[in-house]
Amino acid sequence: MADTAISVAAPDAVHEEAGLFGFTRAQALAFGVLVAFVLVSPFFLYPVFLMKVLCFALFACAFNLLIGYVGLLSFGHAAFFGMGGYIAGHTAKVWGLTPEIAIIGGGAVGAVLGLGIGWLAIRRSGIYFAMITLAMAQMVYFFCLQAPFTGGEDGIQQIPRGRLFGLIPLDTDFTLYWLVAAIFLGGFLLVHRVVHSPFGQVMKAVRENEPRATSLGYRTDDYKLLAFVLSAGLAGVAGGTKAMVFGIATLTDVHWNMSGEVVLMTLVGGLGTVFGPVVGAAVIVTMQNYLAEFGAWVTVIQGVIFVACVLAFRRGVVGEIGNLLKVRL
Amino acid sequence: MVDTILETEGLTKEFRGFAAVSDVRLEVARGSIHGLIGPNGAGKTTCFNLLTKFLPPTRGVIRYDGRDITGLKPAEVARLGLVRSFQISAVFPHLTVLENVRLALQRRRGGSFDFWRSEGLLKQFDDRAMALLEDVGLTGYARLTAGQLPYGRKRALEIATTLALDPVMMLLDEPTAGMTHEDVDRIVALVKRVAAGRTVLLVEHNLKVVEGLCDTITVLTRGRVLAQGDYATVSRNPEVQAAYLGTDPAIAGSTQHA
């Protein structure tokens with residue numbers, strides 16, 4: 001029966017054979033552009049601003065791993081991001097440990113927190129999953145408000161950047177930038193690898209049709225939980241890195257606003273695309289930065305963009321470009 | 001004594017007092033094609049969900065291969081070789097046709113929790129997947145996304161995916177639902193072919209399909225077993241005729257001229 005011509009195929013239907021590291025040709029090209037940008041931009045743009053973009057980009061990539069590839073909408077990712085910041089800050093300031101240990105610690109605690117919250121949340125799906133993650137994140141928020149080590153309303157301030165591996169001083173923004181860039185690129189590639197791994201295949205199967213994945217013998221809850229833990233851990237790394245960059249860890253990063261912002265970034269950039277969250281984070285952070293003079297209006301402008309996204313280009317910036325060029329990005 | 005692979009005793013499922021399936025005793029002989037028929041709302045699909053553990057029974061026992069599986073989880077039942085299909089076509093629409101089948105083959109690795117490895121590792125299953133696709137006539141579609149297949153091909157893909165698990169027993173939920181005549185004939189031939197060496201339990205609306213395919217037929221109405229036997233016996237049963245006449249004359253018509 002294989003004789004039938006493949007007439008149903010739209011040009012974008014035939015999947016390109018994935019090449020190096022699971023990148024298709026278009027993706028490899030886009031990745032090249034991304035790396036070039038990361039390498040060149042600090043010579044032209046303010047490094048602290050760029051580091052902020054990279055931290056949020058990693059955060060959004062972590063979030064996208066869940067929503068884009070497992071189909072789980074977490075509305076509590078600020079808990080992992082903010083807690084990662086507190087842990088990194090505490091580790092570096094109070095315990096005086098090196099920055100890489102502080103950041104890894106932030107990621108580890110994010111992952112453990114994700115294990116607990118994820119274990120509860122994956123029992124429900126859809127809106128209920130989102131509500132549970134939101135509720136749990138609110139509990140984390142109040143914990144951070146009350147716990148002595150977080151500094152309450154003041155947060156943890158004047159976190160020392162220290163010396164990388166105890167050797168390289170990170171005092172200048174330019175030096176720190178390369179650490180942040182390495183963490184971002186590492187995290188980005190990790191997410192990409194997860195998506196294009198044997199585990200990623202099952203993850204996508206769960207997104208597409210969970211009962212069918214179950215009927216093939218996969219314990220879908222276990223896969224969802226691992227994805228959740230990975231996502232939370234990466235969010236913790238992003239939060240920890242951000243705390244090291246700015247030298248502060250505050251309640252802003254555990255507040256549910258932050259959970260909403262990462263949803264916005266991912267949607268603007270393109271849900272379920274590899275590069276979307278990065279572009280989305282860049283767009284939103286840039287807006288916040290350059291529109292700061294409008295004060296409260298930033299929120300209104302963000303809201304308008306969000307509505308425009310949902311109404312006009314649902315695939316997000318990268319999703320629409322990919323659709324236009326008939327490639328997966 | 002017939003070698004029974006799957007049997008239920010007093011299988012009952014109540015939804016808030018309404019018994020969708022009540023006191024069903026089912027015995028499926030090993031190696032047979034067993035049909036489960038009945039008018040709309042007879043409890044066929046509920047029965048299916050109970051057997052594959054997608055629903056927990058209110059009462060009753062399910063034994064598979066001599067083992068009590070009443071308390072198992074759906075994924076565990078699948079690992080025992082009791083694999084189901086779904087009424088709505090169950091493919092992974094945004095994955096390629098090849099990936100769909102490969103996902104089933106991938107189960108042979110055990111759990112796939114290795115998120116740090118490349119999916120290139122899965123290429124080892126490509127040959128087997130292509131062979132399965134050839135079996136169901138989908139070779140030329142391998143690199144398309146499954147969502148783009150026409151309906152009948154999706155069902156074929158679903159069967160290929162199910163077969164990839166090399167199931168001991170297949171449960172097919174209305175494999176020909178919503179199909180054109182040619183597609184029906186193709187699926188019937190396919191089921192017949194793949195049933196060799198396996199046991200098949202299928203829910204079916206289309207009595208023509210059941211007639212040509214099934215060794216034994218169980219008729220359900222209102223959650224109860226009305227009759228059981230081969231097609232000739234069952235179709236002559238006045239109660240069965242009445243049950244079909246009462247709800248769906250068209251199907252009853254096809255019973256009579258069969």
Side-chain angles (χ1 to χ4, degrees), chain A residues 1-10 12-23 65 68-69 71 189-223 225-227 229-231 233 272 328, chain B residues 52-54 73-81 83-86 90-96 98-100 102-104 106-107 109 111-122 133-134 136-150 153 156 158 161-162 164-165 171 186:
Chain A
M1 297 304 296
D3 46 294
T4 328
I6 311 168
S7 52
V8 279
D12 61 331
V14 181
H15 275 217
E16 216 184 311
E17 192 66 28
L20 185 68
F21 209 71
F23 281 125
L65 180 64
Y69 296 99
L189 286 176
L190 176 66
V191 168
H192 184 72
R193 170 41 61 90
V194 171
V195 170
H196 296 279
S197 68
F199 171 73
Q201 280 286 315
V202 182
M203 220 166 65
K204 283 179 266 186
V206 170
R207 171 192 71 187
E208 303 271 292
N209 193 333
E210 191 176 346
R212 182 54 171 162
T214 305
S215 83
L216 294 182
Y218 291 107
R219 290 195 194 94
T220 52
D221 277 358
D222 297 355
Y223 290 86
L225 185 57
L226 178 55
V229 170
L230 287 170
S231 173
R328 275 190 306 168
Chain B
T52 46
K53 311 310 304 163
F54 274 71
K73 292 204 168 74
E76 292 167 337
V77 173
R79 286 158 188 231
L80 290 175
V83 183
R84 69 169 297 176
S85 74
F86 292 82
V91 297
F92 304 116
H94 291 100
L95 301 182
T96 65
L98 182 73
E99 282 173 322
N100 264 267
R102 219 168 53 179
L103 263 157
Q106 200 183 327
R107 273 279 312 116
R109 312 171 69 227
S112 281
F113 294 102
D114 40 356
F115 61 81
W116 60 91
R117 304 259 275 283
S118 164
E119 66 186 349
L121 213 66
L122 301 174
L133 287 176
E134 196 181 344
V136 298
L138 288 176
T139 316
Y141 297 81
R143 303 241 162 245
L144 293 188
T145 48
Q148 289 176 305
L149 293 180
R153 304 279 183 185
E158 206 193 324
T161 309
T162 305
L165 290 174
L171 288 87
R186 200 146 47 86

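Numbers restart at 1 for each chain; the letters A, B, ... are given by sequence-line order, proteins then strands.
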When B:Glu158, B:Arg84, B:Arg107 are compared by non-hydrogen pairs under 4.5 Å with chain A, the top option: B:Arg107
Mutual orientation of the aromatic rings belonging to B:Phe86 and B:Phe54 [parallel < 30°, tilted 30-60°, perpendicular > 60°]: perpendicular
Side-chain donor/acceptor of B:Arg186 to backbone N/O of B:Arg153, under 3.5 Å: no
B:Val91 versus chain A, the contacting section by heavy-atom distance below 4.5 Å: backbone
pair B:Thr96-B:Arg143: side-chain heavy atoms closer than 4.5 Å: no
Beyond-backbone contact of A:Val202 with B:Phe115, side-chain heavy atoms, under 4.5 angstrom: no
Interchain contact, B:Thr52 with chain A, by part (heavy-atom threshold 4.5 Å): neither
Option that, when pairs with chain B are counted at under 4.5 Å, heavy atom only, ranks first among A:Pro198, A:Ala205, A:Ser197, A:Ser215: A:Pro198
Options B:Gly147, B:Ser118, B:Gly120, B:Ser85, ranked by heavy-atom pairs under 4.5 Å with chain A, top entry: B:Ser118
Value rounded to 0.5 Å, distance of CG in B:Leu122 from CD in B:Gln106: 4.5 Å
Close side-chain approach of B:Asp114 and B:Trp116, heavy atoms under 4.5 Å: yes
Contact leader toward chain B among A:Arg219, A:Met203, A:Gln201, A:Arg207, where contacts are heavy-atom pairs under 4.5 Å: A:Gln201
Portion of B:Glu76 that has a non-hydrogen atom of chain A nearer than 4.5 angstrom: side chain
Side chain / backbone / both / neither for B:Leu103 at chain A, heavy atoms under 4.5 Å: both
Under 4.5 Å from a heavy atom of chain A, the part of B:Phe113 involved: both
Plane angle bin for A:Tyr223 and A:Tyr218 - parallel if under 30°, tilted between 30 and 60°, otherwise perpendicular: perpendicular
